[in-house]
Amino acid sequence: MANTTKRSWAILAAIFLTAAPAVAADVFVPVAPEATTARNPWQVRVRALGVITQDEGSVDGIPDSDLSYSDTITPELDISYYFTPNIAAELVLGTTYANVHTDGSIAGLGKVGKTWLLPPTLTLQYHFTDFGAFQPYVGAGVNYTMFYSQSDAGAFTDMDIEDTFGGALQVGFDYMLDAHWGFNVDAKKLFLEPDWTANLGTTKLSGTAKLNPWLIGTGVTYRF
């Protein structure tokens, strides 16, 4: 009887050892969602943007001369591409206008003219992802502003503000309501000091328009 029992256990052990690899092969191992679903790198925002200028400038050769500019509110679109969850590039698109006035020692000369400007700005951002739905970021980049549809006013003629490059700094945050939609607040500082010329009667004036605007915006974020 003892020998029979030993043989039975030996047969069961052999069956188990033969079947074990096949059973192991069928075991399901869960995979993390991040490994199966790659995050879409594209994002867009639509903002209402306040453009607040520095109100400084000068006319060459005239001491204490100054310039001032109108502040505006305009719509803005930006497109972002995420290289990683933390690193993204953002292209900002929008257009607005500015009325240019004399100030300081030449304030009595009045309005110089009006110009429209298109200031596409590209920034490289770092996004902080450790605060849940609240996702702040900082950025820095470059701006190229194009001035177009320029018109004269008062005694001034042939006003021309030159296109120029400038730097840009940025800080803001998204508050994500779900995986796709969020609320955004953003502030940028553009360093924008183009050269300008205009004629006052027969006298040609030149100088620097120090706009250096703050761009303060709020709007909606959508992540694809």
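Residue numbers count from 1 along this sequence.
Crowding of Y175 atom OH: a count of heavy atoms from other residues, nucleotides or ligands under 6.0 Å not exceeding 12. When the shell of 6.0 Å around CG of L91 is examined, it contains more than 12 heavy atoms from other residues, nucleotides or ligands. In this structure, D64 places its CG atom where only 12 or fewer heavy-atom neighbours from other residues, nucleotides or ligands lie under 6.0 Å away. Within a 6.0 Å radius of NZ in K210, no more than 12 heavy atoms belonging to other residues, nucleotides or ligands are found.
No side-chain heavy atom of F147 sits less than 4.5 Å from a side-chain heavy atom of D160. E76 places none of its side-chain heavy atoms less than 4.5 Å from the side chain of L93. By the 4.5 Å heavy-atom criterion applied to side chains, I62 and S105 are counted as neighbours. Residues R39 and R223 are in side-chain contact: their nearest non-hydrogen atoms beyond the backbone lie under 4.5 Å apart. Residues V142 and F191 have side chains not in contact (no heavy-atom distance under 4.5 Å, counting atoms from C-beta outward). Residues F224 and V44 have side chains in contact (heavy-atom distance under 4.5 Å, counting atoms from C-beta outward). In this structure, D186 and F173 have side chains that are not in contact, with every pair of non-hydrogen atoms separated by 4.5 Å or more. In this structure, L192 and T164 have side chains that are in contact, with non-hydrogen atoms separated by less than 4.5 Å.
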### Task
Could you walk me through whether F183 and M176 pass the side-chain contact (heavy atoms from CB on, under 4.5 Å) test, one step at a time?
CA-CA 6 Å; F183 172 74; M176 300 307 298; over 6 Å; no
### Task
Assess whether side-chain contact (heavy atoms from CB on, under 4.5 Å) is satisfied between T208 and D195, documenting all intermediate values.
CA-CA 5 Å; T208 303; D195 295 330; 3.8 Å; yes
### Query
Hey, mind stepping through L200 and L109 against side-chain contact (heavy atoms from CB on, under 4.5 Å) and telling me if it holds?
CA-CA 9 Å; L200 180 60; L109 297 178; 3.9 Å; yes
### Task
Determine, step by step, whether Y137 and N184 satisfy the side chain to side chain donor-acceptor pair (under 3.5 Å) criterion, reporting the C-alpha distance in whole Å, the side-chain angles of both residues, the deciding distance to 0.1 Å, and the verdict.
CA-CA 11 Å; Y137 57 86; N184 177 258; 3.1 Å; yes
### Query
Is there a side-chain contact (heavy atoms from CB on, under 4.5 Å) between W214 and V51 once you walk through the steps?
CA-CA 6 Å; W214 281 98; V51 182; over 6 Å; no
### Task
Take E90 and Q170, measure what side chain to side chain donor-acceptor pair (under 3.5 Å) needs, and give me the verdict at the end.
CA-CA 11 Å; E90 178 190 75; Q170 179 182 34; 2.7 Å; yes
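Using bins of under 30°, 30° to 60° and over 60° for the plane-to-plane angle, the ring pair Y126/F128 lands in the perpendicular bin. Using bins of under 30°, 30° to 60° and over 60° for the plane-to-plane angle, the ring pair Y144/F165 lands in the tilted bin.
Minimum heavy-atom separation, F83 to A89: CE1-CB, 3.8 Å. Across every non-hydrogen atom of A98 and Y69, the tightest pair is CB-CB, 4.5 Å. Closest approach of T123 and A168 over heavy atoms only: CG2-CB, 4.5 Å. In terms of heavy-atom proximity, T102 sits nearest to A107 at OG1-O, 3.4 Å. Of all heavy-atom pairs spanning F156 and G110, the tightest one is CE1-O, 4.5 Å. Nearest approach of A187 to I216, heavy atoms of both residues: CB-CD1, 3.7 Å.
Legend: residues meeting side-chain hydrogen bond (donor to acceptor under 3.5 Å, both in side chains) with Q54, ordered by chain and number and at least two apart, are E56, N212.
S70 and Y97 form no side-chain donor-acceptor contact under 3.5 Å, judged by distance and modelled atom types alone.
Checked for salt-bridge contact, R45 and D174 meet the test: a charged N lies under 4.0 Å from a carboxylate O.
When each of D71, L190, T72, V100 is checked for a side-chain contact (heavy atoms from CB on, under 4.5 Å) with T53, only D71 meets the rule.
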List the atom pairs, donor and acceptor, that lie under 3.5 Å between side-chain atoms in residues 112-122 and the rest of the protein, sequence neighbours left out.
{"from": "T121", "atom 1": "OG1", "to": "P119", "atom 2": "O", "distance (Å)": "3.0"}
{"from": "T121", "atom 1": "OG1", "to": "N143", "atom 2": "ND2", "distance (Å)": "3.0"}

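In this structure, M159 CE and Q150 CD are separated by 4.5 Å, a value rounded to the nearest 0.5 Å.
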